[in-house]
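Notes follow the structure.
Just so you know, ligand 1 is whichever comes first in the structure, and atom 1 is the first atom listed for that ligand. Remember, predicted model here, so these are calculated numbers, not experimental data.
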Amino acid sequence: MPVPNPAAMEFLLSRRSRPAKTLTGPAPDRTALLPILEAAARTPDHGKLEPWRFIVLQGDALARLAEAAGARGTALGLAEDVAGKGRKQFADSPLCVAVVESPKDSPKVPAIEQTYSAGAVCLALLNAALASGWGANWLTGWIAEDREFVEQTLGLAPHERIAGFLHIGTETSAPPDRPRPDLDAVVSWVSE
Ligand SMILES: Cc1cc2nc3c(=O)[nH]c(=O)nc-3n(C[C@H](O)[C@H](O)[C@H](O)COP(=O)(O)O)c2cc1C
């Protein structure tokens with residue numbers, strides 16, 4: 001007989017992100033963040049390749065990144081509001097974990113499966129942060145795609161890319177839930 005975990009199911013059936021702009025301090029300290037990272041690192045990973053890594057960004061590093069993002073947006077000639085989004089993502093963040101997809105050469109595991117695993121790590125990290133009582137949000141945006149920024153400022157290797165910036169902090173308000181998918185539209189039941 002299956003042994004249910006009602007608390008886990010209740011969490012999964014009601015979980016929702018907290019918009020980054022509604023997050024404030026305090027952010028989790030190292031002691032609080034470690035089990036969240038540990039939970040994320042338990043993500044399914046075909047071939048045990050660990051095709052991802054974490055960069056924990058906090059304090060002065062966030063201010064430095066905000067400044068670099070703003071400068072990069074200006075250098076790219078982006079509209080002020082677009083450039084500002086990249087800058088504010090770090091300026092307003094209590095703490096940010098950059099989840100880096102770091103694919104490994106493998107004769108057995110296709111690159112796409114390593115990408116899936118990196119995406120799954122982001123959701124696991126988001127859920128572990130939410131389950132620990134923090135507000136959290138998974139963002140990307142132009143700043144995650146800009147090779148110069150991610151390589152020069154964040155130190156990614158050329159074969160790596162950002163799977164997500166996971167912002168974690170204290171929530172100031174819980175947003176209303178958003179409409180969820182109609183299961184009838186996305187589920188096919190095949191019995192014979
Ligand atoms: C890969 C990925 C990137 C995202 N990037 C952004 C983003 O840059 N800006 C944004 O407003 N939302 C972004 N989102 C959506 C937010 O995470 C949003 O809060 C989320 O869809 C709400 O989900 P939930 O309520 O089910 O937790 C992204 C989602 C994913 C999966």
Side-chain angles (χ1 to χ4, degrees), residues 7-24 27-28 36-37 39-41 43-45 51-57 62 65-66 68-70 72-73 76 78-103 111-150 153-154 156 160-183 185-187:
M9 275 309 285
E10 190 186 334
F11 167 78
L12 290 170
L13 287 169
S14 60
R15 60 151 303 287
R16 61 190 196 275
S17 302
R18 303 297 192 265
K21 58 176 182 279
T22 67
L23 301 179
T24 187
I36 294 170
L37 294 170
T43 290
D45 159 19
W52 24 259
R53 62 188 181 92
F54 305 108
I55 305 174
V56 180
L57 304 163
L62 288 167
L65 287 166
R72 183 65 184 145
L76 288 169
L78 299 179
E80 214 164 284
D81 58 328
V82 179
K85 265 194 173 177
R87 188 185 60 77
K88 281 170 74 64
Q89 197 176 147
F90 301 110
D92 297 348
S93 180
L95 178 143
C96 173
V97 179
V99 176
V100 178
E101 179 187 358
S102 190
I112 188 71
E113 295 191 4
Q114 302 187 44
T115 302
Y116 294 151
S117 184
V121 162
C122 292
L123 180 59
L125 183 53
L126 177 70
N127 280 344
L130 293 171
S132 303
W134 300 100
N137 200 187
W138 176 358
L139 301 183
T140 48
W142 69 267
I143 200 69
E145 299 291 330
D146 185 69
R147 292 311 307 176
E148 178 163 322
F149 182 82
V150 299
T153 308
L154 280 173
L156 268 61
E160 294 181 320
R161 56 185 174 174
I162 294 293
F165 292 120
L166 277 292
H167 299 278
I168 305 174
T170 299
E171 68 179 59
T172 54
S173 61
D177 202 5
R178 63 187 174 91
R180 298 293 166 174
D182 170 12
L183 282 190
V186 295
V187 181

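From the protein, the heavy atom lying nearest to atom 3 (C) of ligand 1 is Thr140 OG1, 3.3 Å. Among protein heavy atoms, atom 27 (O) of ligand 1 sits closest to Ser17 OG, 2.4 Å. Annotation: atom 19 (O) of ligand 1 to nearest protein heavy atom, Asn137 ND2, 2.9 Å. Nearest protein heavy-atom contact of atom 15 (C) of ligand 1 is Trp138 O, 4.0 Å.
At a 4.0 Å heavy-atom cut-off, ligand 1 does not touch Asp177 at all.
Atom 9 (N) of ligand 1 has its nearest heavy-atom neighbour, among Leu139, Leu123, Leu166, in Leu139. Among His167, Lys21, Arg178, Arg180, the residue whose heavy atom lies nearest to atom 22 (C) of ligand 1 is Arg178.
Looking only at distances, no side-chain donor or acceptor of Thr172 sits under 3.5 Å from a matching main-chain atom of Leu23. Not one N or O on the side chain of Glu171 forms a donor-acceptor pair closer than 3.5 Å with the backbone of Gly133.
Using a 4.0 Å cutoff on heavy atoms, Arg15 counts as a contact of ligand 1. Residue contact annotation: Gly141 has a non-hydrogen atom under 4.0 Å from ligand 1.
Put simply, the side chain of Arg161 does not reach to within 4.5 Å of the side chain of Val100, judged on heavy atoms. Counting only heavy atoms from C-beta outward, the side chains of Gln89 and His167 approach each other to under 4.5 Å.
Checked for salt-bridge contact, Asp92 and Lys21 miss the test: no charged N lies under 4.0 Å from a carboxylate O. The existence of a salt bridge linking Glu160 and Arg53 is confirmed by a sub-4.0 Å separation between a basic side-chain nitrogen and an acidic carboxylate oxygen.
In plain terms, the two heavy atoms of Arg18 and Gly135 that are nearest each other are CG-CA, 3.6 Å.
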